[in-house]
Amino acid sequence: MAHGKFLSIEGGEGAGKSTQVRRLADELRARGLDVIVTREPGGSEGGEAIRDLLMQGEVKRWSSHTEALLFAAARADHVEKVIQPALGIGTWVISDRFIDSSRAYQGVAGGIDDAAVLALHGFGSRGLLPDRTLVLEVPPEIGAERAAARDGAAADRFAARARAFHDDVAAAFRRFAAAEPDRVRLIDAGGDVDSVAADVIEAVADLLP
Ligand code: TYD
């Protein structure tokens, strides 16, 4: 049986990831593929329990180091319980965020070495990387506006951080795309939903059976 493909979608706040994840899943299913959609932090029972620890409370509740460990632990459970089993039976997996979020948020913006973030990933998740990672880019002020309209006063610990933090995250994703052009693709997500969805499918076209 063919191994499924693993796709991750990344981007800052308000980039429209969840809409595009749904659209991509629909498009792949229409082509006859089995697809599951999942997310990080979370995606498995244990991962979701760790998510609650991560997302609630004060901005400074966890240090960058503790946070990196918690994200890596959540990811290890998600990979072991959900992602690997699905890929093994030929199902395609689309994850709303994966390792590149840890590299951008805890790594570049949080001040932890990329090598250290990747070492945790090597230990926890055997270094599993997506076959393709799509980074949805919107100008930070538009992303912040969209996220505020969506979340209102319910912004989580991450959304509540300063503009400079989000600028560092955006720059980090661009750097990853430049360093690994085969795996990581930038998508301009400033346009309307249909044209962004078309760009997303185009960016995985070479992986389709
Ligand atoms: P979430 O509510 O899923 O929102 P979003 O729509 O932005 O994806 O929030 C997840 C937050 O966790 C997001 O701000 C990014 C952050 N995050 C990390 O800092 N490191 C990670 O490894 C992951 C997966 C997420």
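As the structure lists them, so they are numbered: ligands from 1, and atoms in each ligand from 1. Note that this is a predicted model, so its numbers are computed, not measured.
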Would Arg23 and Glu27 satisfy salt bridge (Lys or Arg N to Asp or Glu O under 4.0 Å), going step by step from the backbone distance to the final call?
CA-CA 6 Å; Arg23 290 287 297 259; Glu27 188 66 37; over 6 Å; no

Between Glu10 and Ser101, is the side chain to side chain donor-acceptor pair (under 3.5 Å) condition met? List the steps.
CA-CA 7 Å; Glu10 301 280 3; Ser101 278; 2.5 Å; yes

Test side chain to side chain donor-acceptor pair (under 3.5 Å) applied to Ser102 and Arg75, step by step:
CA-CA 10 Å; Ser102 284; Arg75 183 163 302 122; 2.9 Å; yes

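Near Pro41, the atoms of ligand 1 lying under 4.0 angstrom from a non-hydrogen atom of the residue are 10 (C), 24 (C), 25 (C). Close approach to Lys17 involves these atoms of ligand 1, each under 4.0 Å from a residue heavy atom: 5 (P), 6 (O), 8 (O). Heavy-atom proximity to Ser101, at under 4.0 Å, picks out these atoms of ligand 1: 20 (N), 21 (C), 22 (O), 23 (C), 24 (C), 25 (C). Every atom of ligand 1 is numbered from 1 in the order shown, and the set under 4.0 Å from a heavy atom of Glu40 is 24 (C).
Look at Arg150 and you'll find a heavy atom under 4.0 Å from some atom of ligand 1. Judged by the shortest distance from any of its heavy atoms, Arg51 lies inside the 4.0 Å radius around the atoms of ligand 1. Taking a 4.0 Å cut-off on heavy atoms, Met55 registers as neighbouring ligand 1. Residue contacts with ligand 1 do not include Arg157, since none of its heavy atoms lies under 4.0 Å from the ligand.
By the neighbour-count criterion of 12 heavy atoms within 6.0 Å, atom CD of Glu180 is densely surrounded, having more than that number from other residues, nucleotides or ligands. Crowding of Glu58 atom CD: a count of heavy atoms from other residues, nucleotides or ligands under 6.0 Å not exceeding 12.
Residue, atom and distance of the protein heavy atom nearest to atom 18 (C) of ligand 1 are Phe71 CZ, 3.1 Å. Of the protein's non-hydrogen atoms, the one nearest atom 20 (N) of ligand 1 is Gln106 OE1, 2.8 Å. Nearest protein heavy-atom neighbour of atom 22 (O) of ligand 1: Ser102 OG, 2.5 Å. Of the protein's non-hydrogen atoms, the one nearest atom 7 (O) of ligand 1 is Arg97 NH2, 2.9 Å. For atom 12 (O) of ligand 1, the nearest protein heavy atom (residue, atom name, distance) is Phe158 CD1, 3.7 Å.
No side-chain donor-acceptor contact under 3.5 Å links Arg97 to the backbone of Pro41. The backbone N or O of Asp114 sits nowhere less than 3.5 Å from a side-chain atom of Arg103 that would complete a donor-acceptor pair.
Residues Leu28 and Ile94 form a side-chain contact, since some pair of their non-hydrogen atoms from C-beta on lies under 4.5 Å apart.
At a 4.0 Å heavy-atom cut-off, ligand 1 touches Asp156 through the side chain alone. The proximity of Arg39 to ligand 1, defined as any non-hydrogen pair under 4.0 Å, does not occur for either the backbone or the side chain.
Checked against the 6.0 Å centroid threshold, Phe6 and Phe98 count as a close aromatic pair.
Using a 4.5 Å cut-off between side-chain heavy atoms of Ile, Leu, Val, Met, Phe, Trp and Tyr, with links allowed through other members, Ile9 and Leu33 fall into the same hydrophobic cluster.
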